[in-house]
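First the proteins, then the strands, lettered A, B, ... as listed; each starts at 1. These values consider heavy atoms only, across backbone and side chains, with no hydrogens, waters or symmetry-generated copies. Predicted model only: the values in this text are computed from it and were never measured.
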2 protein chains.
Amino acid sequence: MSKGEQTRSAIVAQSLDLASVVGLNGLSIGALAEHTGMSKSGLFAHFGSKEALQLAVLDAAEERFVEMVVKPASKAPRGVARIREMFERGFEWERSWAGTGGCVFNASAPEFDDQPGAVRDRLVRAQRDWRETLVRVARGAVQTGEFRPDLDCEQFAYEVKAINLGYIHSSRLMRDPKAEAHARAAFERLIQTSLAHPLH
Amino acid sequence: MSKGEQTRSAIVAQSLDLASVVGLNGLSIGALAEHTGMSKSGLFAHFGSKEALQLAVLDAAEERFVEMVVKPASKAPRGVARIREMFERGFEWERSWAGTGGCVFNASAPEFDDQPGAVRDRLVRAQRDWRETLVRVARGAVQTGEFRPDLDCEQFAYEVKAINLGYIHSSRLMRDPKAEAHARAAFERLIQTSLAHPLH
DNA sequence: GCCGAAAAAGCACGATCGTTCAATATCTTG
DNA sequence: CAAGATATTGAACGATCGTGCTTTTTCGGC
């Protein structure tokens with residue numbers, strides 16, 4: 001890896017933490033330069049525009065997400081076990097942002113949902129990929145016979161995402177110590193009502 | 001109402017729409033001045049600080065929310081009917097922000113969840129009030145005998161909020177036309193599993 | 001209609017924003 | 001080690017930010 005590449009990725013790593021606190025828009029070249037000990041222009045030269053930096057941050061975040069959540073969870077046995085693994089690793093993912101500002105995707109979504117452009121498109125793509133993953137995993141549980149054959153898997157994915165958003169809202173904004181317990185309870189209820197043979 | 005008060009409230013009204021698009025931080029005095037046809041300093045004098053403006057915006061938003069959602073829904077008969085009314089009016093509330101940037105509370109939550117200060121405190125209070133309202137309404141449905149006596153009403157409130165957040169995410173960011181249908185389905189499932197006597 | 005009060009405007013400040021560009025330092029390779 | 005490519009700096013740009021003044025306009029009660 002050349003010198004340029006490695007400083008670039010170091011910048012992006014720092015940007016990830018900073019962006020998670022102040023948002024993708026709040027990311028300022030100046031603050032980032034001071035934080036990394038570089039000059040503004042030297043840092044800027046690696047990206048050419050702020051938008052390119054934001055996109056690089058999102059790319060890095062997604063890569064990290066795949067590595068930390070999707071890939072390992074995909075090794076769990078197909079079906080409910082894999083779903084649980086995905087859900088559980090979602091907590092780890094959130095925990096990995098503790099001390100910073102929380103998952104950059106969810107932190108940036110409300111900020112860009114009305115601002116057309118490449119960043120918004122990138123956010124949408126990431127969320128769509130994740131949702132499709134959830135749908136696929138749910139279908140797997142239908143095929144193993146654990147979930148009802150008539151289960152609406154898109155609805156299932158929607159609800160998993162909703163539980164996750166609720167968790168973030170409750171833990172990060174409200175600082176509710178019961179946030180995780182609430183999320184788990186909601187998830188268990190979701191699983192229960194999705195099973196082909198509920199435990200009465 | 002004096003001249004000052006009426007221009008002040010006109011400014012706040014404009015700020016509401018603008019803030020819902022660009023966020024409470026993105027609210028700039030300059031852009032707001034241009035948008036209202038006033039001078040920056042004339043506008044600024046009404047608040048004394050940007051933070052005071054942000055707080056005024058939140059106050060106005062909450063008042064609007066109470067007027068549009070809480071008050072009317074409170075007139076519905078106690079129990080599930082009132083819960084449904086609250087949920088239903090939540091859609092109207094979101095719809096009332098169509099064309100702008102969506103509910104300013106939810107749009108600002110991720111932006112301030114790591115920035116201590118009066119604005120954050122104000123956001124937390126608003127959300128806490130709303131959650132307590134939901135808990136109270138759920139308790140009402142327990143008392144009427146519609147909901148299970150052992151229902152965890154705080155859990156119920158958490159899930160209603162989560163469904164709402166999921167709806168916003170799905171409709172605003174993903175532009176999913178099925179967002180509302182998903183939210184409704186999730187809500188119905190929540191009601192079903194909360195009933196004392198589920199419809200089989 | 002006058003006059004004190006209140007509201008709005010005008011102007012300027014220092015700071016910071018994203019960005020450009022020429023000059024310098026550092027790497028990488030022959 | 002030399003030399004060409006690459007990385008980084010420093011200074012500056014126009015714009016905009018939130019905010020503090022002083023001055024002017026407008027309002028409201030007598």
Atom pairs and distances, side-chain donor-acceptor, residues 68-78 of chain B, under 3.5 Å, sequence neighbours left out:
residue : atom : partner  : partner atom : Å
B:Lys71 : NZ   : B:Glu67  : OE2          : 3.4
B:Ser74 : OG   : B:Val70  : O            : 2.7
B:Arg78 : NH1  : B:Gln143 : OE1          : 2.5

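Residue A:Ser41 has its side chain nearest to D:dG10 when only D:dG10, C:dC11, C:dT19 are considered. Nearest to the side-chain atoms of A:Ser39 among the listed nucleotides D:dG18, C:dA9, D:dT9 stands D:dT9. Side-chain proximity of A:Ala31 to C:dC17, D:dG18, D:dT8: nearest is C:dC17.
Outside the 6.0 Å centre-distance limit, the rings of B:Trp130 and B:Phe105 are not counted as a close aromatic pair.
Between the NZ atom of A:Lys40 and the P atom of C:dC21 there is a distance of 16 Å, given to the nearest Å. Atom-to-atom, CG of A:Asn25 to C1' of C:dG18 comes out at 12 Å; the value is rounded to the nearest Å. For the pair B:Met38 CE and C:dA8 P, the interatomic distance rounds to 5 Å; values are reported in whole Å. To the nearest angstrom, P of D:dG18 lies 12 Å from CG of B:Leu24. Across the protein-nucleic acid pair, B:Gln6 atom CD and C:dA8 atom C1' stand 14 Å apart, rounded to whole Å.
Counting any heavy atom pair closer than 4.0 Å across all strands shown, B:Leu32 reaches no nucleic acid atom. Backbone-only engagement by B:Leu27 is indicated by non-hydrogen atom pairs under 4.0 Å involving sugar-phosphate atoms exclusively.
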Might you list the N or O atoms of the protein lying below 3.5 Å from N or O atoms in nucleotides 24-30 of chain C, with each pair's distance?
residue : atom : partner : partner atom : Å
C:dT28  : OP1  : A:Lys3  : N            : 3.3

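Within the 4.0 Å cut-off from OP1 or OP2 of C:dA7, not a single side-chain nitrogen or oxygen of B:Thr7 is found.
A salt bridge does not link A:Arg136 with A:Glu132: every distance from a Lys NZ or Arg NE/NH1/NH2 to an Asp or Glu carboxylate oxygen is 4.0 Å or more. Salt-bridge check for A:Arg84 with A:Glu188: passed, with a basic side-chain N closer than 4.0 Å to an acidic carboxylate O.
Between B:Arg128 and A:Asp176 there is no side-chain heavy-atom pair separated by less than 4.5 Å. Between B:Asp113 and A:Arg175 the shortest side-chain heavy-atom distance does not fall below 4.5 Å.
Contacts with DNA chain C (heavy atom under 4.0 Å) in residues 43-59 of chain A: A:Phe44, A:Ser49, A:Lys50, listed by number.
Judged by distance alone, the side chains of A:Glu146 and A:Thr144 do bring a donor and an acceptor atom under 3.5 Å apart.
Between B:Trp93 and B:Phe65, the ring-plane angle classifies as perpendicular under the 30° and 60° cut-offs.
At distances below 3.5 Å, not a single donor-acceptor pair connects side-chain atoms of B:Gln54 with backbone N or O atoms of B:Val119.
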